[in-house]
Amino acid sequence: MSKSKVTIGQVFKTIIWLRKKLLFIGLILIFISRGAGLVAPWATKPFMDDILVKKDLDKLPMLLTLVMVAISVQAVTSFLLTKLLSVEAQHLISVLRSKVQKHLLRLPTRFFDNQKSGALVSRVMNDVEGVRNLVGTGLVQLIGGILTAVISVGFLVYISPWMTLFVLLPMSIFGVITLKAFSIIRPVFRERGKITADVTGRLTETLNGIRVIKGFNAEPQEIKVFEDGVEKLFLNVKKSLTSTSIVTSSGAFLVGLASVGIMGLSGYFDLTAGAFLQFTMFMVFMIAPIVQMSNIGSQLTEAFAGLDRTEELMNTPVEDDISVRTIKIGAVSGDIVYENVSFAYEEGKNVLNEVSFKAPAGSVTALVGTSGSGKTTIAGLAASFLNPISGTITVDGVDMSKVSLDSYRSQLGVVLQDDFLFEGTIRENILFPRPKATEAELTQAVKAAYVDEFTSRFELGLDTVIGERGVKLSGGQRQRIAIARAILANPRVLILDEATSNLDTESESYIQESLKSLMHGRTTFVIAHRLSTIRQADQILVVENGQIAERGKHEELINKKGRYFELYTYQARI
Ligand code: ADP
């Protein structure tokens with residue numbers, strides 16, 4: 001993935017401008033709120049000079065009412081502001097999450113080969129969180145802060161231009177420090193997203209592979225890796241905390257310095273006690289938002305860092321390139337032809353070389369060969385998960401690389417080794433490719449795959465909830481659910497990766513029977529391990545080093561006494 005850097009302009013166009021109405025209301029509210037907030041500091045002068053010094057008590061009720069009204073207005077507007085913008089910010093987060101997830105699902109399977117699923121989870125869930133600060137109160141507070149500061153400066157100048165100069169000098173130094181600090185922090189935040197993703201990713205893997213970890217007594221190793229990860233995260237947070245605390249404390253220090261300066265200078269300027277107090281109050285009102293702005297600044301920086309990473313993901317090209325995949329094919333009969341197909345996962349390292357064969361509609365093609373010979377790759381090409389680097393694959397005579405994936409995949413079914421079952425009931429798992437299938441269709445699939453053979457023994461039958469990754473079911477039972485699912489989907493083209501795991505003879509015969517019903521009448525590519533499947537196949541392709549070494553039917557190949565014969569004789573299972 002290339003490194004992306006999101007610019008303020010892009011964010012403005014794609015996020016902020018779209019919500020201009022809301023942000024405008026937010027701004028009006030913040031103007032009112034901040035304006036009302038300035039009444040109290042302004043009131044200090046009349047209070048001090050007229051009421052305390054001159055004892056002009058008639059003014060007191062009016063002044064108190066004014067301050068009370070101002071405080072109430074401030075409270076109401078702040079409430080509305082937070083409610084309005086925070087809700088919108090959360091809404092934006094959910095919209096963005098969905099957008100990222102949608103894009104993620106459209107990426108090619110190859111993308112996922114190189115990514116940890118947990119890290120991607122973090123991408124979708126955490127990286128977009130930061131935008132909360134862009135649309136939420138962060139941005140509006142920033143503008144409000146600037147506004148308060150500017151108005152306060154106006155008052156300061158009005159009260160005493162010279163004294164204002166002494167205040168502004170340390171504040172400009174602070175401004176420079178803050179800007180510098182942010183340029184340091186952004187990459188730190190960016191790095192944080194990556195570390196979080198790595199740590200989450202590893203943790204997910206650890207939990208998924210808990211049996212292997214326990215089996216190899218590798219817990220200490222995993223604990224160490226995780227500890228190192230969280231330590232790295234801690235160091236990263238520490239780094240950003242140092243920068244932000246430099247900003248905050250230098251802010252406080254400079255405020256103190258300005259106050260001392262003002263006190264020192266007070267004697268030289270001809271100000272009433274009230275005017276002096278008013279000046280000090282406005283000074284605080286000018287400085288406070290500036291210091292606060294530095295916090296908001298770091299939130300915005302975090303938001304940008306998250307968006308950078310989101311953008312990276314969104315820039316990764318999707319598999320269904322509509323400018324190339326222009327042909328929408330209707331119902332296919334499933335004639336698949338490979339013509340001089342070569343494929344490489346890494347440039348220059350072909351794993352398939354000039355593979356050619358025909359898989360007529362409704363036929364079963366068994367792919368056999370040693371591990372790593374290229375069987376899965378051939379099947380992956382038929383599933384359109386991969387694209388040939390040269391040569392063509394056609395379906396019903398149409399070049400598959402030009403066919404829209406939707407239109408092809410809706411006619412495709414896959415049953416993979418150790419097939420994936422979702423958390424939920426057996427019924428939900430079978431219905432998942434066709435949630436709207438009728439009860440009769442469901443029953444037919446359940447029967448054809450011999451799923452009822454074991455669900456009838458369960459109290460809740462098909463409504464039995466299976467554990468995460470189906471751990472409560474035996475391997476054979478999981479396979480049968482996967483087969484029932486594929487039967488229900490009723491695909492024209494079927495990719496089957498037979499489980500290698502040893503099943504007891506009873507399960508084995510159920511699976512054989514259900515596979516028979518599944519393959520019937522569909523163009524099937526099966527990475528075959530069972531002799532029964534191989535014997536039934538219309539053609540067997542013996543794959544070796546990315547080429548088809550032999551082809552034919554079982555008896556023919558046995559009689560030929562070639563590579564297949566060797567495989568068959570020397571290995572109990574192929
Ligand atoms: P089989 O299914 O016969 O065991 P595969 O088609 O999985 O073989 O693999 C063929 C070759 O391609 C092997 O050398 C394997 O290491 C390589 N290969 C498979 N998947 C990938 C991948 N995602 N990235 C790089 N190389 C791969």
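Indexing begins at 1, ligand by ligand and atom by atom, following the structure's order.
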Sub-4.0 Å protein heavy atom near atom 13 (C) of ligand 1 | yes

Could you tell me whether the side chain of Leu203 reaches within less than 4.5 Å of the side chain of Phe226, counting heavy atoms only?
-> yes

Note, Glu312 side chain near Arg123 side chain (heavy atom, < 4.5 Å) | yes

Considering the heavy atoms of Val351, write down every atom of ligand 1 situated less than 4.0 Å from one of them.
-> 11 (C), 12 (O)

Contact atoms of ligand 1, heavy-atom distance to Lys375 under 4.0 Å | 1 (P), 2 (O), 3 (O), 4 (O), 6 (O), 8 (O)

Which ligand 1 atoms does Ser371 reach within 4.0 Å, using its non-hydrogen atoms?
-> 4 (O)

Distance to 0.1 Å, residue and atom name: give those for the protein heavy atom nearest to atom 1 (P) of ligand 1.
-> Gly372 N, 3.4 Å

Atoms in ligand 1 with a heavy atom of Thr370 nearer than 4.0 Å | 3 (O)

For Glu346, the ligand 1 atoms whose distance to one of its heavy atoms is below 4.0 Å = 25 (C)

Should you measure from each heavy atom of Thr377, which atoms of ligand 1 turn up under 4.0 Å away?
-> 5 (P), 6 (O), 9 (O), 10 (C)

Among the heavy atoms of Gly369, does any lie under 4.0 Å from an atom of ligand 1?
-> no

Is there a donor-acceptor contact under 3.5 Å from the side chain of Arg325 to the main chain of Met400?
-> yes

Could you tell me whether atom 3 (O) of ligand 1 has a protein heavy atom closer than 4.0 Å?
-> yes

Angle class for the Phe357/Tyr338 ring planes (parallel below 30°, perpendicular above 60°, tilted otherwise)?
-> parallel

Against heavy atoms of Thr376, which atoms of ligand 1 measure under 4.0 Å?
-> 1 (P), 2 (O), 5 (P), 6 (O), 7 (O)

Closest to atom 22 (C) of ligand 1 (heavy atoms only, candidates Phe112, Tyr345, Phe343) is Tyr345

Tested for salt bridge (Lys or Arg N to Asp or Glu O under 4.0 Å) against Glu441, the lone hit among Arg434, Lys447, Lys436 is Arg434

Is the shortest N/O to N/O distance between Ser373 and ligand 1 below 3.5 Å?
-> yes

Under the side-chain hydrogen bond (donor to acceptor under 3.5 Å, both in side chains) rule, collect the residues that match up with Ser407, sequence neighbours excluded.
-> Ser404

Which protein heavy atom lies closest to atom 23 (N) of ligand 1, and at what distance to 0.1 Å?
-> Asp113 OD2, 3.0 Å

Closest protein heavy atom to atom 8 (O) of ligand 1, given as residue, atom name and distance to 0.1 Å = Gly374 N, 3.2 Å

Looking just at side-chain N and O atoms, do Thr394 and Glu339 make a donor-acceptor pair shorter than 3.5 Å?
-> no

Test item: Leu352 and Leu381 side chains (from C-beta on) under 4.5 Å apart, heavy atoms = yes

For residues Arg485 and Leu488, determine if any side-chain heavy atom of one lies less than 4.5 Å from a side-chain heavy atom of the other.
-> no

Side chain to side chain donor-acceptor pair (under 3.5 Å) with Tyr564: which of Glu550, Arg551, Glu556, His554?
-> His554

